[in-house]
Asker: 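Encoded as structure tokens, here's the structure I'll be asking about.
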Amino acid sequence: MEHVRQKGVFDHLLMLERTEAAGPKGHQKARLEELQTTAAKIRAKRDRIRAETSTIKNLKEKMDQGLPLDDATEDLVQFEKYLLTSQRTQLKDLQTAHRLIAGFNLVESKKGKSVCVAFHTAFEGVCLETYNMEVNLTRMVHISRHNIPSYIPLEKLAKQSLQTDFKGFLQTLNLHLNALAGRKQQISLIKELLGTVEVIEKNQLCNFLAFVCKVPSESEEAVLCTLEYGDLTRCLPTQVVIDAENKTLIESPQWKENHVLLKETPVHSALLTMRKLGSIL
Amino acid sequence: MQQSFILQLVTRLTPGKTMDILEQQYEEEIKLLQQETVACEIERDECLRAIFRQHGGETLQNILKTISIRKENEDGVTNGDASKLVTEISDLEVDHRRQTDISGIFLSECWIKTVEKSSTKTVQQYRLSGRCWLLSFQVEFVLTEIQDGETTLKKVTDLNIISDGGEFKDLCGFLSSVEESRSLFLFFRTLRSYSERCKQRTCTFQHFKEKYPDLVQLPEGCRSEIMVIQSPQLPGCMMSIFWNICVSKEGTVMTKLDLLMKMPEQAEKLDTENVMASAPESFRHLLSVFGEEATIESLIQSVCF
């Protein structure tokens, strides 16, 4: 803009006209120049970080050997910055690790008047949805906003312990959210890993699931399994019902074992085991 | 400067094709430079982490103190960077304390190493040591983050748990199932509720040991599952309470208390109402009505004279 003002608007328009006249060739030239600047910028950044690294290495070596830091004051100012950065890096790592293992993290907001809680759900090592909640801490502790699904009994849980045991409340809610995420994930894993199994009914809370699997035989008999999850803090069913037209089949020892399997292991792994053992297609 | 001159010369003299090649060359150079920058960043951060690991705590604070004294002597040297970092550090420390308090998990060692990093994928190795109440643990795992458009896929692999302390012997089945299914988060959730139950048991045992030092014995220490009630006036009579805390494979923590009675043979003959045989059943009934503490209290009262 400076440039434009110096030369005047007409000159600038003239320049634009010329660029236009130059056509695609002019565009390409501009593009090349742009690339060149970008490259120069990144090169400068790389060189800066390289220089930093070598100063830090120098500092580390001195510290490792227990040498006194008697450098010029400017160097010491640099060292101080890196030592503080090293401390910050450690604390940031701790923060990341804590957030990861605690399952939820708190951030104070509105000058300590409220606190924001983020719940990170996961199932079998895979991180799933994150839910957020803002809790107002002034006078009566209450939830001011949240994006927790309506089918989670949040109000009931809040009534039980929000006022009296905040930590306990967060842990119970975390349990509910993780169990929901786990049940949901199991259903999507069935669809992903077991194309032959057909989910015919499920609900939002994922505490009811009905699916049909086929038995490897000429007639490809269908077996209907119904799973009910009575405990909303768990991702294993409390009741399993297996039904088929062929009653002798479902009374067989093999299917008795399958019943136990479905009750004691996550449904997708139970089905995978059943397929491996030749119970289902 | 020279490069820019060549660029001008080339673009003026050659047709579009050479320009295409040049463009490609620049793009490749940028890509390479970006990779180098990331590698440099990783090296720098690793070096910073190594400094803290080896000299963290006191040594580091002492050096910082020396530097600030020297800065004061040669007044006029102010460092905006440093004061900004100091504020950031104290904020992070506050956050760390809050996290520790709310999660009940104290981390004593946190070792993170970046193995791979690009604009779409980050792979980091973790080693965390710490304790939850008195139960110490060490976990190692790999965290992979893949950026796919708007969404980030975060995944834990290679989970390895090293646990310490007698309490963990009841957790064997759970631990191996957690390792197999890489359920890092489930491990910490369960560890928390398990340690809470252990704490409750230990506190209750300790409470009775202090209240009735002559009647209560903890033969395997206050952190084990056994408490023995024995009155010096009733030699041969012994009540043992087994307070078991079990963890299922899916991480549900359950408490089970059992009572075992021992009486001299002569006394057993006088037991016409089968008090001995029905004791465990009655004990369970009392537990369900009054809870652990009141039930144990009433047992102790029964041998108090």
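In the text below, chain A, chain B and the rest are named by the order of the sequence lines, each starting its count at 1. Worth saying up front: this structure is predicted, and the values here are computed from it rather than measured. In what follows, every heavy atom counts, from backbone to side chain, and hydrogens, waters and symmetry copies are set aside.
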Asker: Is chain B contacted by the side chain of Gln87(A), its backbone, both, or neither, given a heavy-atom distance below 4.5 Å?
Answerer: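 Both parts, backbone and side chain.
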Asker: So, do Thr190(B) and Val247(B) sit near enough that their side-chain heavy atoms are less than 4.5 Å apart?
Answerer: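 Result yes, sub-4.5 Å side-chain heavy-atom pair found.
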Asker: Where on Glu88(B) is there a heavy atom nearer than 4.5 Å to chain A: the side chain, the backbone, both, or neither?
Answerer: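 When you check distances to chain A, only side chain atoms of Glu88(B) fall under 4.5 Å.
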Asker: Counting only heavy atoms closer than 4.5 Å, note whether Ile89(B) contacts chain A via side chain, backbone, both or neither.
Answerer: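 Contact with chain A involves both backbone and side-chain atoms of Ile89(B).
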Asker: Please look at Thr89(A) and chain B and tell me whether the side chain, the backbone, both or neither of the residue comes under 4.5 angstrom of a heavy atom of that chain.
Answerer: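 The side chain, not the backbone.
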Asker: What part of Leu128(B) gets within 4.5 angstrom of chain A, counting heavy atoms only: side chain, backbone, both, or neither?
Answerer: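 Looking at Leu128(B), just its side chain touches chain A.
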Asker: At a heavy-atom separation under 4.5 Å, does Glu179(B) approach chain A through its side chain, its backbone, both, or neither?
Answerer: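 Contact with chain A is absent: no heavy atom of Glu179(B) under 4.5 Å.
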Asker: For Glu41(B), is it the side chain, the backbone, both or neither that has a heavy atom under 4.5 Å from a heavy atom of chain A?
Answerer: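 It is both, since atoms from each part get that close.
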Asker: If you count heavy-atom pairs under 4.5 Å between each of Lys41(A), His120(A), Glu108(A) and chain B, which one has the most?
Answerer: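 It is Glu108(A).
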Asker: Measure the shortest side-chain to side-chain distance between Leu170(A) and Asn174(A) over non-hydrogen atoms and say whether it is less than 4.5 angstrom.
Answerer: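 No, side chains not in contact.
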Asker: Asp101(B), Leu32(B), Val86(B): which one forms the most heavy-atom pairs within less than 4.5 Å of chain A?
Answerer: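 Among the listed options, the one with the most contacts to chain A is Asp101(B).
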Asker: At a heavy-atom distance under 4.5 Å, which candidate from Thr38(A), Leu128(A), Leu106(A) has the highest pair count against chain B?
Answerer: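 When all of Thr38(A), Leu128(A), Leu106(A) are compared, Leu106(A) has the most.
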Asker: Check this for me: does any side-chain nitrogen of one of Arg31(A) and Glu27(B) sit under 4.0 Å from a carboxylate oxygen of the other?
Answerer: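 Looking at Glu27(B) together with Arg31(A), the answer is yes, because their closest N to O distance falls below 4.0 Å.
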Asker: Checking Phe52(B) against chain A: side chain, backbone, both or neither under 4.5 Å from a heavy atom?
Answerer: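 When you check distances to chain A, atoms from both the backbone and side chain of Phe52(B) fall under 4.5 Å.
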Asker: Just so I understand: if I count every heavy-atom pair under 4.5 Å between each of Leu191(B), Leu159(B), Leu184(B), Ile63(B) and chain A, which residue has the most?
Answerer: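 That would be Ile63(B).
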Asker: Please check: side-chain N/O of Thr265(A) versus main-chain N/O of Leu262(A), any donor-acceptor pairing under 3.5 Å?
Answerer: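 Side chain of Thr265(A) to backbone of Leu262(A), a donor-acceptor pair under 3.5 Å: no, none is there.
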Asker: Heavy-atom distance under 4.5 Å to chain A: side chain of Glu23(B), backbone, both or neither?
Answerer: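 When you check distances to chain A, atoms from both the backbone and side chain of Glu23(B) fall under 4.5 Å.
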Asker: Is Leu153(B) in contact with chain A via its backbone, its side chain, both, or neither, using a 4.5 Å heavy-atom distance?
Answerer: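 Interface part for Leu153(B): side chain.
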Asker: Taking side chain as C-beta onward, heavy atoms only, is Glu80(A) less than 4.5 Å from Leu64(B)?
Answerer: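 Glu80(A) reaches Leu64(B) side chain to side chain.
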Asker: Is it the side chain or the backbone of Gln171(A) that comes within 4.5 Å of chain B heavy atoms, both, or neither?
Answerer: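 Answer is side chain: those atoms of Gln171(A) sit under 4.5 Å from chain B.
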Asker: Answer with side chain, backbone, both or neither: which region of Thr252(B) has an atom nearer than 4.5 Å to a non-hydrogen atom of chain A?
Answerer: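 For Thr252(B), the contact with chain A is made by the side chain alone.
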Asker: Below 4.5 Å, heavy-atom pairs only: which of Asn105(A), Thr96(A), Leu175(A), Leu84(A) has the largest tally toward chain B?
Answerer: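 Heavy-atom pair counts peak at Leu84(A).
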Asker: So for Glu196(B), is it side chain, backbone, both, or neither that comes closer than 4.5 Å to the heavy atoms of chain A?
Answerer: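 Only the side chain of Glu196(B) comes within 4.5 Å of chain A.
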Asker: Is there a side-chain contact between Lys249(B) and Phe174(B) (heavy atoms, below 4.5 Å)?
Answerer: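 Lys249(B) does not reach Phe174(B) side chain to side chain.
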Asker: Answer with side chain, backbone, both or neither: which region of Arg88(A) has an atom nearer than 4.5 Å to a non-hydrogen atom of chain B?
Answerer: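 Backbone plus side chain of Arg88(A), per the 4.5 Å heavy-atom cut-off to chain B.
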Asker: Go through the atoms of Phe187(B) and report whether side chain, backbone, both or neither lie under 4.5 Å from a heavy atom of chain A.
Answerer: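 Phe187(B) has no heavy atom closer than 4.5 Å to chain A.
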Asker: Does Ile161(B) reach the side chain of Val178(B), with side-chain heavy atoms less than 4.5 Å apart?
Answerer: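 The answer is yes, as the side chains (C-beta and beyond) meet within the 4.5 Å cut-off.
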Asker: Could you please state which residues from residues 177-193 of chain A sit under 4.5 angstrom from chain B, measuring non-hydrogen atom to non-hydrogen atom, sorted by number, or 'none'?
Answerer: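 So far as heavy atoms go, Asn178(A) are the residues that approach chain B to under 4.5 Å.
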Asker: Which one of Asp47(A), Leu94(A), Val126(A) has the most heavy-atom pairs closer than 4.5 Å to chain B?
Answerer: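 Of Asp47(A), Leu94(A), Val126(A), Leu94(A) has the most heavy-atom pairs under 4.5 Å with chain B.
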Asker: If you count heavy-atom pairs under 4.5 Å between each of Ile42(A), Asp93(A), Thr53(A), Leu91(A) and chain B, which one has the most?
Answerer: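 Heavy-atom pairs under 4.5 Å are most numerous for Asp93(A).
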Asker: Using 4.0 Å as the upper bound for N to carboxylate O, is an ion pair formed by Asp64(A) and Lys60(A)?
Answerer: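 Salt bridge flag = yes for Asp64(A) with Lys60(A).
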Asker: Judged by atom type as modelled, is there a donor-acceptor pair below 3.5 Å linking the side chain of Thr151(B) to the main-chain atoms of Gln147(B)?
Answerer: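 No; judged by distance alone, with no hydrogens or angles, the pair does not exist.
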Asker: Heavy-atom distances under 4.5 Å only: say whether Arg192(B) touches chain A with side chain, backbone, both or neither.
Answerer: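 The answer is the side chain of Arg192(B).
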Asker: So, does His96(B) use its side chain to make a donor-acceptor pair with the main chain of Lys92(A) at under 3.5 Å?
Answerer: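 No, His96(B) side chain to Lys92(A) backbone: no donor-acceptor pair under 3.5 Å.
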Asker: With chain A, which of Gln34(B), Lys155(B), Arg98(B), Gln54(B) has the greatest number of heavy-atom pairs at distances under 4.5 Å?
Answerer: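 Option with the top pair count is Arg98(B).
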Asker: Quick check on Leu100(A) against chain B: is it the side chain, the backbone, both or neither that has a heavy atom closer than 4.5 Å?
Answerer: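 Both the backbone and the side chain of Leu100(A) come within 4.5 Å of chain B.
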Asker: Report the C-alpha separation of Gln124(B) and Thr114(B) in whole Å, then their side-chain angles, then the decisive distance to 0.1 Å, and conclude whether the side chain to side chain donor-acceptor pair (under 3.5 Å) test is met.
Answerer: CA-CA 4 Å; Gln124(B) 286 184 311; Thr114(B) 309; 3.3 Å; yes
Asker: Are Phe137(B) and Phe188(B) an aromatic pair by the rule of ring centers under 6.0 Å?
Answerer: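 Distance test on ring centres: under 6.0 Å, yes.
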Asker: In chain order, what residues pass the ring-ring contact (aromatic ring centres under 6.0 Å, His included) check against Phe119(A), with sequence neighbours excluded?
Answerer: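 Applying ring-ring contact (aromatic ring centres under 6.0 Å, His included) to Phe119(A) gives Phe104(A).
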Asker: Could you check His98(A) against Asp95(B) for side chain to side chain donor-acceptor pair (under 3.5 Å), going step by step and ending with a plain yes or no?
Answerer: CA-CA 10 Å; His98(A) 240 130; Asp95(B) 186 69; over 6 Å; no
Asker: Which atoms of Leu143(B) are under 4.5 Å from chain A, going by heavy atoms: the side chain, the backbone, both sets, or neither?
Answerer: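 The side chain, not the backbone.
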